[in-house]
2 protein chains.
Amino acid sequence: MLGMALEHAILVSLLEQPGSGYELARRFERSIGRFWTATHQQIYRVLKRMEADGWVTAVDVGQDGRPDKRDFTVSAAGREVLTGWLHEPVQPEAVRHDLAVKVRGAAFDDPAGRAALIDEVVRYRAEHEELLARYLAGEKRDFPDISSLRAGERLQHVVLRGGIAYERMLLDWLDEVLITLRHLREES
Amino acid sequence: MLGMALEHAILVSLLEQPGSGYELARRFERSIGRFWTATHQQIYRVLKRMEADGWVTAVDVGQDGRPDKRDFTVSAAGREVLTGWLHEPVQPEAVRHDLAVKVRGAAFDDPAGRAALIDEVVRYRAEHEELLARYLAGEKRDFPDISSLRAGERLQHVVLRGGIAYERMLLDWLDEVLITLRHLREES
DNA sequence: GGTGTCATGTAATATGTTACATGATTCT
DNA sequence: AGAATCATGTAACATATTACATGACACC
């Protein structure tokens, strides 16, 4: 059970705030998704197993105007599993950076293909510029007074700072990539 | 076949330099591994399929003092597959950042557990400091004169710059994380 | 004699992705 | 009337990880 993965992200998210599979999926699209991606199908499957293993307990909640949902809460056993995992060493990350492969691959493409890559990098850059703007807006909204945060909020905030730092670094790097690609275009 | 993955990283690597499965695995531990991780088991399996599909061709090379190896080269068909993929939009990255989950999870750990996390972050930071040093040494060694690089080398270099930028950003962020964790410790 | 590197793989299991499926309500 | 959102899942398939397996040679 070493190094297991989605389970722990779900445990953290449910400890911060109990919720349904659907709500979890939405959180994974937003906040948690900054450092752990998962689709609703994965989440439902893992939640089912976690419930069977007694890591979480579910309560049916009727809602008016909306379908019923099943609200999950972390059990004492689930909390123990999480703390056990927290004390394991951090696993090396599995990196998968599409764009970097494409940039190196551009060496084997023709000028038209490289021109298309420039457009694609521009599009990709715009996406991440928006993402950074959303992170910064979220920081302003959720952590307006940084000096008065409780422990959990401070930890959430420093993780958000990581997302912001990552996006800024990425934008700067994409500018370097664009300079390089445009430079190569002008030479040919 | 959209969005397929390891295949393309292998094609780029073999176009830069033909080689055996073992050599590819070593490259994935080093240079390519900065943006795409893969184990030798994965590589052998995918190479087999790529050979069956005619994307690469293999030549047996006898070596003295060493086991024979099978050297792979990208075929014309493989090159076409790669350029086809290069012209597809970049897929959103699947992020999986263990440490960020643990930092948020630390909110639900006891003081002893948080102290242990500080030690773990320190260890992790030292690992990445070494990695950055290796990248910088590699940059000096492989790109001593930046003004006189050919197209392929310039693209390789800008990708390496990305790795360097990432590691620097990570180290700065880890310092922020340490400040936050130590601050919480002193308050308790 | 033991450790490490070179070189190749198989098998079992776990995880992740994609497509499909349902049904109510709210908004335009 | 049609599209979007809320809410839950199953099934089939693809990919990744982990453990196991073999054998030669080089170096200490």
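Residue numbering restarts at 1 for every chain, and letters A, B, ... go by the order of the sequence lines.
Between B:Ala94 and B:Arg70, the residue whose closest nucleotide on DNA chain C is further toward the 5' end is B:Arg70. Take the nearest nucleotide of DNA chain C for A:Thr39 and for B:Lys69: the residue whose nucleotide is more 5' is B:Lys69.
Checked for salt-bridge contact, B:Glu51 and B:Lys48 miss the test: no charged N lies under 4.0 Å from a carboxylate O. Looking at B:Arg104 and A:Glu16, a side-chain N of the basic residue comes within less than 4.0 Å of a carboxylate O on the acidic one, giving a salt bridge. Remark: B:Arg123 engages B:Glu120 in a salt bridge, criterion side-chain N to carboxylate O under 4.0 Å. Electrostatic pairing of B:Glu187 and A:Arg154 counts as a salt bridge here, judged by a charged N lying under 4.0 Å from a carboxylate O. A salt bridge between A:Lys69 and A:Asp71 is present, with a side-chain N of the basic residue lying under 4.0 Å from a carboxylate O of the acidic one. For the pair A:Arg70 and A:Asp60, the salt-bridge criterion is met [side-chain N within less than 4.0 Å of a carboxylate O].
Atoms CZ (B:Arg26) and P (C:dT5) sit 8 Å apart, rounded to a whole Å. The distance between atom CG of A:Leu24 and atom C1' of D:dA7, rounded to the nearest whole Å, is 13 Å. Rounding to whole angstrom units, NE2 of residue A:His40 and C1' of C:dT18 are separated by 11 Å. Nucleotide D:dT15 holds its C1' atom 15 Å from the CG atom of A:Asp98, rounded to whole Å. Regarding B:Glu51, its CD atom lies at a distance of 13 Å from the C1' atom of C:dT8, rounded to whole Å. A:Asp60 has its CG atom 14 Å from the C1' atom of D:dG9, to the nearest Å. The interatomic distance linking B:His8 (NE2) with D:dT15 (C1') rounds to 14 Å, in whole Å. Separating the CD atom of A:Gln91 from the P atom of C:dT15 is a distance of 13 Å, rounded to the nearest angstrom.
One end of the helix from C:dG1-D:dC28 to C:dT28-D:dA1 points its axis 40° away from the other end's axis, with each axis taken from 5 pairs and the angle rounded to 10°.
Under 4.0 angstrom from either OP1 or OP2 of C:dT8 there lies at least one side-chain N or O belonging to B:Ser20. Between A:Arg49 and C:dT15 there is a side-chain polar atom (N or O) within less than 4.0 angstrom of OP1 or OP2. Between B:Tyr22 and C:dT8 there is no side-chain polar atom (N or O) within less than 4.0 angstrom of OP1 or OP2. Residue A:Lys48 has a polar side-chain atom (N or O) positioned under 4.0 Å from OP1 or OP2 of D:dT10. The shortest distance between the side-chain N/O atoms of A:Tyr44 and the OP1/OP2 oxygens of D:dG9 is not below 4.0 Å.
The side chain of A:Gln42 approaches C:dT17 more closely than any other nucleotide in the set C:dT8, D:dT18, C:dT17. When the nucleotides C:dG16, D:dG9, C:dA7 are ranked by their closest atom to the side chain of A:Leu6, C:dG16 comes out on top. Across D:dT8, D:dC20, C:dC20, the shortest atom-to-atom separation from the side chain of A:Gln41 is found for C:dC20.
In the model, A:His87 has a side-chain atom that pairs as donor or acceptor with a side-chain atom of B:Asp109 under 3.5 Å.
Residue pairs meeting the side chain to side chain donor-acceptor pair (under 3.5 Å) criterion with at least one member in residues 168-181 of chain B, sequence neighbours excluded: B:Arg125-B:Asp175.
A donor and an acceptor atom sit less than 3.5 Å apart, one in the side chain of B:Arg45 and one in the base of D:dA16.
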